[in-house]
K.L.:
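One structure coming up, written as structure tokens, with questions to follow.
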2 protein chains.
Amino acid sequence: MATGRTHRPATRSRGIPEATVARLPLYLRALTALSERSVPTVSSEELAAAAGVNSAKLRKDFSYLGSYGTRGVGYDVEYLVYQISRELGLTQDWPVVIVGIGNLGAALANYGGFASRGFRVAALIDADPAMAGKPVAGIPVQHSDSLEKIIQENGVSIGVIATPAGAAQPVCDRLVAAGVTSILNFAPTVLTVPDGVDVRKVDLSIELQILAFHEQRKAGEEAHTDGAGPAAATREGSDDSADQGPDGDVPAVMPA
Amino acid sequence: MATGRTHRPATRSRGIPEATVARLPLYLRALTALSERSVPTVSSEELAAAAGVNSAKLRKDFSYLGSYGTRGVGYDVEYLVYQISRELGLTQDWPVVIVGIGNLGAALANYGGFASRGFRVAALIDADPAMAGKPVAGIPVQHSDSLEKIIQENGVSIGVIATPAGAAQPVCDRLVAAGVTSILNFAPTVLTVPDGVDVRKVDLSIELQILAFHEQRKAGEEAHTDGAGPAAATREGSDDSADQGPDGDVPAVMPA
DNA sequence: TCGTGTGAATGGATTCACAGCG
DNA sequence: CGCTGTGAATCCATTCACACGA
């Protein structure tokens, strides 16, 4: 916060569509790669291909941010990287806590993508006293007794839950009570939170089940498959439709 | 996702909306919990609450499967568990391979939810020769040289990629060439696959960035949190737009 | 009576197609 | 010209509201 810069001509409508927001990180990643290769500009067509979407969608998405391109030329890579980063709030640093340092929590802590852009693992928290003090990814695990203190001292507003399913809601409640307003949930449970708190979930078994559904449909339809591939539903590159809740839960134990 | 041109009379209730398919696993999980508590029937209202959606949506979703409820009463839990399982293809066993047994791959292999319902880890594959033979989650890791053989011998059609970003596309290509038609990708890369192959992605940094976007918007708007908003639901959907900025001001500088 | 099942209304997101500018 | 930016058309999803049946 602390952005006093709340002001704008509001040339365009306020409020970027959720579907667009979900794609901005994808564009940003593609742009960063281009930037590292010192590519100065890209067309919507090229960038769209790199991000796995179609160009009309990309141009529409960018139109919500403003007119950052040059007709007949394309987009300036560096400039766009900056604009999208700012729009996503990545020009500031977000301290994050990970709660539940089991297999998954440890994997997340070790994940390099955290630090890379705007996020910083402020603390690792686990309920097991035996874990306390043990360093994971170079960060000492702290006991969950001090969860509230850790949140407050570090000004944490984003929490990652990687506990077993049963512990997720209680942990969530404590995080929220301590001031966290955004939660990324890896536990296979539906979390209930007060208004104003955002929750996104990542659930492995849901993703697998969705794949199984399509897989089954393919199998039941190999009726007219001449030498070539199946003529069933498919998609191009890799653009998940409007799905915004990929999942991949990993915590163990769960009635289901 | 791209849907091919499915020109076909549709055998009846075939053609369940993608958004509905994505929610079926959620309903299934809630139903399984009820089943374990020996609850015989549920109303759409109750089940919807447990799954974190609203009842109208749930009823509409179920209407695509058929008329499995009883007016004035609700749904038979056991029967619905069976119907949804069958619809999702979980009445059969899906062998799955996990490629890339690093921190994340190991965490996935240890995830209990795999075996629980329809899925079975058929093999763990890694490119590091030092890993070969080492058991992870009780399953010996195999070297990626034999990837094709493993896929074919086990009749694997679903693959999970948990490799570093750089290895993901090559691995994906090999999986597809060997016969895999559904891929769950944990690597932060856009995968390109032929038609007929489904890809779903799980991407930590994208999720965090989406949360950061909303977090930033909340921060920039802490002017009137007067709760003017109409009581909103408190669930964790994939949607859930935090507060809606009345006339928001999202910092979005614009160039010329 | 009560809760399901569903047409109709609404709202979003994607795609089309082309005007407009560099 | 080429490519962006965007109204208009289309498609999909959610919500409403009520008839219908156990």
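Numbers restart at 1 for each chain; the letters A, B, ... are given by sequence-line order, proteins then strands.
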K.L.:
Does a side-chain N or O of A:Tyr75 approach OP1 or OP2 of D:dG5 to a distance below 4.0 Å, or not?
P.N.:
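So the side chain of A:Tyr75 is within the cut-off, an N or O lying under 4.0 Å from OP1 or OP2 of D:dG5.
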K.L.:
Does OP1 or OP2 of D:dT14 have a side-chain N or O of B:Arg23 closer than 4.0 Å?
P.N.:
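So the side chain of B:Arg23 is within the cut-off, an N or O lying under 4.0 Å from OP1 or OP2 of D:dT14.
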K.L.:
Is any side-chain N or O of A:Asn54 closer than 4.0 Å to OP1 or OP2 of C:dT15?
P.N.:
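Answer yes for this pair, as a side-chain N or O of A:Asn54 is under 4.0 Å from OP1 or OP2.
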K.L.:
Mind listing the side-chain donor-acceptor pairs of residues 179-187 of chain B below 3.5 Å, one per line with the distance, residues two or more places apart or on another chain?
P.N.:
unit_1   : atom_1 : unit_2   : atom_2 : d
B:Thr181 : OG1    : A:Glu215 : OE1    : 3.1
B:Thr181 : OG1    : A:Glu215 : OE2    : 2.4
B:Ser182 : OG     : A:Glu215 : OE1    : 2.4
B:Asn185 : OD1    : B:Ala187 : N      : 3.0
B:Asn185 : ND2    : B:Ala187 : O      : 3.1
B:Asn185 : ND2    : B:Thr189 : O      : 3.1

K.L.:
Tell me if a side-chain donor or acceptor on B:Thr20 pairs with a main-chain N or O of B:Ile16 at a distance below 3.5 Å.
P.N.:
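No; zero donor-acceptor contacts below 3.5 Å.
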K.L.:
When you check the gap from the basic side-chain N to the acidic O, do A:Asp198 and B:Arg217 get nearer than 4.0 Å?
P.N.:
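Looking at A:Asp198 and B:Arg217, the cut-off is not met.
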K.L.:
Think B:Ser44 has a side-chain N or O under 4.0 angstrom from the OP1 or OP2 of C:dT4?
P.N.:
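Answer yes for this pair, as a side-chain N or O of B:Ser44 is under 4.0 Å from OP1 or OP2.
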K.L.:
Among C:dT4, C:dA13, D:dG2, which is the nearest nucleotide to the side chain of B:Arg59?
P.N.:
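When the side chain of B:Arg59 is considered, C:dT4 is the closest of C:dT4, C:dA13, D:dG2.
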K.L.:
Considering only C:dG5, D:dT14, C:dT15, which nucleotide approaches the side chain of B:Ser63 most closely?
P.N.:
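Per side-chain heavy atoms of B:Ser63, the pick is C:dG5.
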K.L.:
Between P on C:dT4 and CD on B:Glu45, what's the gap in Å once rounded to a whole number?
P.N.:
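After rounding, the gap between these two atoms is 8 Å.
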K.L.:
Assess, by modelled atom type and distance only, whether the side chains of B:Arg59 and B:Ser44 contain a donor and an acceptor separated by less than 3.5 Å.
P.N.:
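Yes, side-chain donor-acceptor contact under 3.5 Å.
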K.L.:
Measure from the side-chain heavy atoms of B:Ala56 and tell me the nearest of D:dC16, C:dA13, C:dG5.
P.N.:
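For B:Ala56, the side-chain atoms sit closest to D:dC16.
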K.L.:
So, B:Asp203 versus B:Ser205: side-chain donor-acceptor pair below 3.5 Å or not?
P.N.:
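Side chains of B:Asp203 and B:Ser205: pair found under 3.5 Å.
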K.L.:
Give a yes/no answer on whether the side chain of B:Lys57 brings an N or O atom under 4.0 Å of OP1 or OP2 in D:dT15.
P.N.:
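For B:Lys57, the contact criterion (side-chain N or O under 4.0 Å from OP1 or OP2 of D:dT15) is met.
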K.L.:
Measuring to OP1 and OP2 of C:dT6, would you say a side-chain N or O of B:Lys60 lies under 4.0 angstrom away?
P.N.:
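No.
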K.L.:
In degrees, rounded to 10°, what is the bend between the two ends of the helix from C:dT1-D:dA22 to C:dG22-D:dC1, using five pairs at each?
P.N.:
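It comes to 10° between the two terminal axes.
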K.L.:
With nearest nucleotides of DNA chain C determined for A:Arg71 and A:Thr20 from heavy-atom distances, which residue corresponds to the more 5′ nucleotide?
P.N.:
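The 5'-side residue here is A:Thr20.
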K.L.:
Check the side chains of B:Tyr79 and B:Gln83 for a donor-acceptor pair under 3.5 angstrom, ignoring hydrogens and angles.
P.N.:
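A donor-acceptor contact under 3.5 Å links the two side chains.
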